[in-house]
Structures are given as structure tokens and as C-alpha cells.
Amino acid sequence: MFLISKSRVQDGFIVTIVGIVLTVAVIVCAWSIYPGYEWWQRDLSTLGRIYIRTANGKEPYYYFSVYNFALLIWGISCIPFWGARALLMESRGAVLRTLICGLLMGLGVMNIGITPADAPTQMHVVGSMTAILAFCVCMFSLKKADEPFNWQWFGLFLACIPLYFIFQWTKKNYLPYGSALFQKSFVLLIFTYMVTQSVLLYRQVRGGVREIQAEAVELTRKFGAWAIFLGAFAMLALMLIGTLVFPGHAQEVGFNWQKHWMSIMGNIFLTDAEGKQFVYRYFMIYNGALSVGGICIAMYWFSRSLGVGRNWLGRTVMIAGLVMGAALTGIGMAPSGTLKLHRISINMLILTVVIMLILLLLKKSGDAMKFRFRVAWLVIICGLGLFFSLNIGGRPVRIQGQKILVLTTALWLASQGFSQLKIDNGKLKIEEELPEV
């Protein structure tokens, strides 16, 4: 029997509030370091552009990753927010719609950062539209029994539709800065919605007004298991496609499995055989693979934390899982050769994987074989992680070790999802607080 603590839902709303606050803080940091950024005249996407206009013309702007990391934090925060809301819903359809659209909203927000506005691709706009549509479906497709319809919020977001077109039509002649102000106001409105709803639902759950639904818990756990199982293989497939379309770097032609790090496929700036720098058009394939894997990891560990048992352990699993997903996506948000954020993200990913393996060992299990498998995964991944992080061996050996580490970690995650699919989620019990021992 699985014991589900009500505090896990409350933790989800608290993490959402912290995530939104951090998002705003990082956006302010990106604004402060961007040369000559005019808040009332430029849109937010300017902060994440790969080029900046100077007196000498266009030059590469290597601090674009700072703003994109704000989008990363926001995207990951969508998982605990919509995941916790789904646990309070009675309708099976509403639960699935909220989980699917919540995952798509997080993926869309992160895709905005993965593909800067001035990159040679339209995926930046696709990410924006995906996030907005998923958000609207989450808000307005709920039955009254699942979520009391809030006409105030409905009116505000409905008014944004004609306002958007008005600002687009008038920006050339009458309101040149209207669209930039509208974009910031719309983003602020979504932030306000997520924070106020988190506070409201937190109080309702704590006061006993809203209850966790057993069927919603079962659906969430299965959805998270399927997300990581399919997401791990989708990530590997996209990485493989990235190797096939990679044009090469410097004197190399194509992707060289013996000489190239995998991260080179996500670089926006490459060098041709003549030493000239150019923008790689398909960088978003590899970085998109990382964002798909990252959001699925966050969803899985949020769902997995529901059945861990002890309060502190479940809470730690949820937070470590969200950080793990953010770290994986962060590798693509800050391509190698731009900022130290790339290396920090890699080390954070390895660290959170090791921490998660240790946490799973602390989870009580009567199955001795399952415990042995957990120990085996810990030894293998820790060994590969230390080999890679401590620069053990020559460059060719470490390059191959990186690829083995990526494949091993993906298979471990897929196996975790597969094992959760076999669990009988119907045998669960919801408690106010779980015993710590």
C-alpha cells in the first residue's frame, strides 16, 4: 500500500511560488547586464538574442543564456503547479488534460529560450504559441466540479486577445512600443495567476476545503512513468538525428564520434574550414532533445515523489527531480563555448542523478532484487560520473565515456518509468502527515 501525504501538494505550490520569484529575479539580472536595454521599447526576447547591435554592427552576444535560464526556471515551475492542481481534480479527463497541457506549457516556455528570437528558425514563435495554447487549455477546459470557474481571470485573459491585435496593427504608426509593453504585461499576468492560485489552493488544501483524489494520484503516477519512459527514448532519437545533420566544425566534416563532444551539436556558433564563424541552423535539434528529456524528468520525479513515503524523503525527491530536469535542459540553454553555465549544468545533472540514486536506496523496499539493482545503478553511474567530471584519462577516452554516461543515464530513467508502470497504484492511502520513521 502507498501512503500519499497531503503535504506533497502543498510542496508543489510552494515550489511554484519560489520558481516564479526566481524567474523574475533572473530576468532582472539579464536586463541589468544587457547593454543599452530600454525597458519600455524592447521586448523580453531581446534579452535572449544571440546578436547585439553595436557601433561596429552586429556582434555575438554571449550572455543571452542568462535570460534563457529564467525561461528554464519558469518552464520547470509549470510541472509542480499543474501537477499539484491535477491531484485535486475529480474528473479523469480534467486530470489528463491538465497534466498533458501542463507538460506542454513547460516545454513551450523552455523552447522559447532554446531557440532565440534571432536564430535562423521559427521555433521561437512555435514555443510561444505552444505555451500560450497549453496554458489556455489548462485554464478553461475544466469542469466546475474540478475547479470553480474564475470569471475574473477569464475576463482578463479574454481581453488580451483583441489587445494583442490592436497593438500589432498600431505599432508602426500610433503605438510603436505598445506590443513590447503588452508582452511584458501578459507575462506578468500569467506570473500573477500562478502565484495567486498557488497561495489560494495551498490554503484550501491545508484547511481541508480541497482534498487529494485517489484516482488523480493514480493517473499522475502513470502519466509520469509514461512521460519518462517515452521521453528518454525520444531524447536519444533526437540526439541521433542531431549527429546525422551536424555539418562539422573547423576541419572536421560531420559529427566525429571519436573526436567530438556531444555538446558541440548544440552550439549556435560554429567555425568552417576557413576559420570563419557561422550560425548553425539545426542546433535546436540537440538542445530540443535536452529540453524534452528535462521536462519529462521533472514530471516523472514529481509523480514518483507521491509514493515515496516519508515526508522529508518525498519532498527531497521532488525537489532533486525538478533540479535534475532543469540541469539537463540547462546544458542546451547555455551551449558550450558561451558561459560557464554549460559546465555547471553538466556537473549539477551528474550530482542530482547520484543524489537521487542514494535517496532511492533510503526508500524502504521488501524486494531484495530491487535493492541490488539500485545499488548496481548507483555504482555504474557514480563511476562514469567521476570518470567524466574529474578529467580522468585522455580526451578521446573521456569523449567516449561521456556518450556511455548519457546512454546509461537515459536507460536508467527509462527503467524507472517502466518499473513504476508495473506497480499497482490502486492500493494507496492518503494521509494528512506521514510518519518520518
Side-chain angles (χ1 to χ4, degrees), residues 5-32 44 65-88 98-99 102-103 105-110 112-113 131 135 138 187-207 210 212 220 224 291 294-295 297-306 308 311-330 333-334 341 344-345 348-349 351-352 355-356 359 433:
S5 174
K6 289 184 177 181
S7 64
R8 197 67 62 249
V9 178
Q10 299 173 32
D11 294 339
F13 292 129
I14 293 174
V15 170
T16 301
I17 296 172
V18 173
I20 297 299
V21 172
L22 287 176
T23 300
V24 174
V26 177
I27 290 177
V28 172
C29 290
W31 165 34
S32 64
L44 289 173
S65 297
V66 178
Y67 171 72
N68 295 337
F69 259 73
L71 298 176
L72 165 61
I73 298 171
W74 183 13
I76 291 294
S77 300
C78 293
I79 298 302
F81 177 69
W82 294 113
R85 292 192 69 172
L87 295 174
L88 305 176
T98 302
L99 291 173
L103 187 144
M105 179 184 173
L107 184 62
V109 169
M110 293 193 300
I112 300 172
F135 174 75
C138 283
V187 171
L188 181 61
L189 185 62
I190 297 178
F191 286 166
T192 305
Y193 173 81
M194 294 180 68
V195 171
T196 55
Q197 291 297 299
S198 295
V199 173
L200 175 63
L201 294 173
Y202 175 88
R203 291 179 176 178
Q204 289 181 348
V205 173
R206 186 174 182 180
R210 300 294 294 273
I212 300 176
T220 301
S291 64
I295 200 71
I297 284 174
M299 176 61 76
Y300 169 69
W301 289 115
F302 174 81
S303 67
R304 179 71 179 269
S305 69
L306 300 175
V308 169
N311 282 324
W312 70 269
L313 188 56
R315 185 177 296 114
T316 308
V317 166
M318 182 184 70
I319 295 174
L322 295 175
V323 174
M324 185 191 300
L328 179 61
T329 308
M333 286 287 187
L341 290 173
I344 293 173
S345 297
M348 184 61 67
L349 175 63
L351 178 62
T352 51
I355 290 175
M356 194 66 73
L359 291 174
E433 292 292 338

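Starting from 1, each residue takes its place in the sequence as its number. What you see below is based on every heavy atom in this structure, not just the backbone, and it leaves out hydrogens, waters and symmetry mates.
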Partner residues of Tyr202 under the side-chain hydrogen bond (donor to acceptor under 3.5 Å, both in side chains) criterion, sequence neighbours left out:
none

Closest approach of Ser345 to Phe69 (non-hydrogen atoms, all atoms of both residues):
OG-CZ, 3.6 Å

Please set out all donor-acceptor pairs under 3.5 angstrom arising from side-chain atoms of residues 15-28, sequence neighbours excluded.
{"unit_1": "Thr16", "atom_1": "OG1", "unit_2": "Gly12", "atom_2": "O", "d": "2.9"}
{"unit_1": "Thr16", "atom_1": "OG1", "unit_2": "Phe81", "atom_2": "N", "d": "3.2"}
{"unit_1": "Thr23", "atom_1": "OG1", "unit_2": "Gly19", "atom_2": "O", "d": "2.8"}
{"unit_1": "Thr23", "atom_1": "OG1", "unit_2": "Trp74", "atom_2": "N", "d": "3.4"}

Give, for atom CG of Leu351 and atom CD1 of Ile344, the distance between the pair rounded to the nearest 0.5 Å.
12.5 Å

Over all heavy atoms of both residues, which pair between Ala84 and Phe302 is shortest? Give the atoms and the distance, please.
N-CZ, 3.5 Å

Side-chain contact, heavy-atom cut-off 4.5 Å: Met333 with Leu341?
no

Give, for atom CD1 of Ile112 and atom CG of Leu107, the distance between the pair rounded to the nearest 0.5 Å.
10.5 Å

Rounded to the nearest 0.5 angstrom, the OG1-CD1 distance for Thr220 and Ile212 is 10.0 Å

Sequence neighbours excluded, the answer for side chain to side chain contact (heavy atoms under 4.5 Å, CB included) partners of Leu189 is Trp153, Leu156, Phe157, Cys160

Heavy-atom side-chain contact between Trp301 and Val317 under 4.5 Å:
yes

Provide the closest heavy-atom pair for Ile76 versus Ala298 in the form atom of the first, atom of the second, distance.
CD1-CB, 4.0 Å

Between Ile79 and Gly102, which heavy-atom pair has the shortest distance, and what is it?
CD1-O, 4.4 Å

With heavy-atom distances below 4.5 Å as the criterion, would you say the side chains of Met110 and Leu71 are in contact?
no

So do Thr329 and Ile295 actually touch side chain to side chain, heavy atoms under 4.5 Å?
no

Leu99 CG to Arg85 CZ distance, which is reported to the nearest 0.5 Å:
12.0 Å

Spatial distance of atom OG (Ser305) from atom CG (Leu322) [nearest 0.5 Å]
8.0 Å

Write down the atom of Met356, the atom of Met324, and the distance for their closest heavy-atom approach.
CB-CE, 3.8 Å

What are the two closest non-hydrogen atoms of Ala334 and Ser65, and how far apart are they?
CA-OG, 3.4 Å

Less than 4.5 Å apart, any side-chain heavy atom of Phe191 and any of Ser77?
no

Measure the spacing between CG of Leu87 and CG of Leu201 and express it to the nearest 0.5 Å.
11.5 Å

